[in-house]
Structure formats: C-alpha cells, structure tokens
Student: 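The structure follows.
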Amino acid sequence: MKDSSKEVFVAPSLLSADFSRLNEEIKEVEDLGVKYLHFDVMDGHFVDNISFGIPVLKSIAHTHHMINDVHIMISEPKKYVKAFSDAGADILTFHYEACSEDEVNEIIDLIHNEGIKAGLAIKPGTDVEKIIPYLSSLDLLLVMSVEPGFGGQEFILNSLSKIKKLDEYRAENNLKYLIEVDGGINRETAKECRDAGVDILVAGNYIFKNNKKSAIEALLG
Ligand code: DX5
Ligand code: ZN
C-alpha cells in the first residue's frame, strides 16, 4: 500500500547514456541530486547483448558520490563478485535465473563478505514466490519490468503486482530490503510503481533521451 511519507529515489541507467561524454552525463545527473547510479553489465550469454564491465566501472566508480548500483546480467555471477566489488560496486545485484537455488545464498554471503550490499534480480517470468526464502538476507530486490538485455522497451504490467507483494511481505515480516524496478520506467509507469510501494526507479531512455531535470522530476511525481 502506498506510504506517502516514504522517499522514492531515481537510479539513471548508464546503458542509455552518451558514452562519448560519459563523465559529463554522470555529473549532470549527480548535480540534479540523484542518489543511485545504475550500471548495467551484460555478457552476451545470460542476455543477448554486451554492454560494459569491470574496467569501465573502475574508471567511473569514484568520479562521483552516488551509490554505484551494479546490475549484473551475466552467467556465473559467483565468479565475479570480488572483481565487481574491487571495481567499486556499492550494491551488487545478480540474477536469480543465473544460478542454482543453493548458489543464491552462497553468492549473497560472498557479496556481504566483500562489505557491500547484495541485490537479487528477477526476470518478468519469475514468480516472487521463488525468491521469498532469500528476502531476509537481501538488501535489495530488483523487479525487472522488461526482459533484461536492452533499454527502451515497454513496461510489463505484471511487475506492479510483484512490487505490491514484495512491499506487503516486507511490512508483514518487518524486513528491510529495498524494492527496485527496472525497465520501461517513464512518468506514467513511475507513478504506478510508486503507488505499488517501490523505493528505487531505474530509468535509462526516459532520462538520457530527454531533458534530465524534467525527466527526473516527472519520475518522482
Ligand atoms: C535492461 C536494463 C535496464 C535498462 C533500462 O536489461 O537492466 O536497466 O537499461 O532502460 P529503460 O529505462 O530505457 O527501459
Ligand atoms: Zn538494469
């Protein structure tokens, strides 16, 4: 249920930024008071696209003061936890579908052992029920509202019921994980996600392909 006192944050997804002026793009969103910077890593195997990885994260992680919200859409995430942590990830979010059930807790522990926050992402086709067992140890749950792999896709409506369920479960069980939604977020879908109980709105195209200031204001309502 919507809690009007709760603050909602925006996390611009760098995937949609102009990489020929990456530093300026980062500075522009930081100067607008943005708290999280969303960093989409794609390996061309878990998803049918290749974006950027550890050297790019390393080069930009400490050029700003936003929280480096790193979303790894990769196979074998366990192998790369330390590398992403060392490169500057503050939150490292891996995909439930990229590992076996018994690896999920192991990877969460590995991330926490690096001293950073652990996030788990679920694709549109994955039920919230599947990840209930992990919620008590997670810092963030990422609801993918598009199929991972590309920016600029349409918002998938069933994401709203997932956010609502996660928000209710969190309240009923007095848990602290943040709920993040990612994909197809614009003025309209952001409002629906805020009303469903989301904490962080990831947006790529809507921010980087429009006036950043008005886009961010529109997302926060
Ligand atoms: C997709 C990425 C998203 C994407 C969001 O796999 O995880 O973060 O970049 O882009 P928009 O906001 O344009 O849908
Ligand atoms: Zn993402």
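Whatever order the structure lists ligands and atoms in, that order sets their numbers, starting from 1.
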Student: Test of understanding: given a 4.0 Å heavy-atom threshold, classify the contact between Tyr206 and ligand 1 as side chain, backbone, both, or neither.
Tutor: neither
Student: Salt bridge check, Lys130 against Glu101: does any charged N sit closer than 4.0 Å to a carboxylate O?
Tutor: no
Student: Assert yes or no for the condition that the ring centre distance of Phe94 to Tyr80 is strictly below 6.0 Å.
Tutor: no
Student: Once rounded to 10 degrees, what value does the angle at the Zn ion (ligand 2) take between OD1 (Asp40) and OD2 (Asp182)?
Tutor: 180°
Student: At under 4.0 Å between heavy atoms, which part of Leu15 makes contact with ligand 1: side chain, backbone, both or neither?
Tutor: side chain
Student: Do me a favour and list the nearest non-hydrogen protein atom to atom 6 (O) of ligand 1 with residue, atom name and distance?
Tutor: Gly149 N, 2.7 Å
Student: Determine, for Tyr206 and Arg187, whether the Lys NZ or Arg CZ falls below 6.0 Å from the six-membered ring centre while staying within 45 degrees of the axis.
Tutor: no
Student: Charged N to carboxylate O under 4.0 angstrom, Asp199 versus Lys6?
Tutor: yes
Student: Do Lys123 and Phe46 meet the cation-pi criteria used here (NZ or CZ under 6.0 Å from the six-membered ring centre, within 45° of the axis)?
Tutor: yes
Student: Give the numbers and elements of all ligand 1 atoms closer than 4.0 Å to a heavy atom of Ser13.
Tutor: 8 (O), 9 (O)
Student: Is there a side-chain contact between Met42 and Ile50, using heavy atoms and a 4.5 Å cut-off?
Tutor: no
Student: Suppose we only allow N, O or S atoms; which atom of His71 ends up nearest to the Zn ion (ligand 2)?
Tutor: ND1
Student: I need the atoms of ligand 1 closer than 4.0 Å to a non-hydrogen atom of Val202, numbered in the order shown.
Tutor: 8 (O)
Student: Quick check on contacts: which atoms of ligand 1 are under 4.0 angstrom from a heavy atom of Gly152?
Tutor: 11 (P), 13 (O), 14 (O)
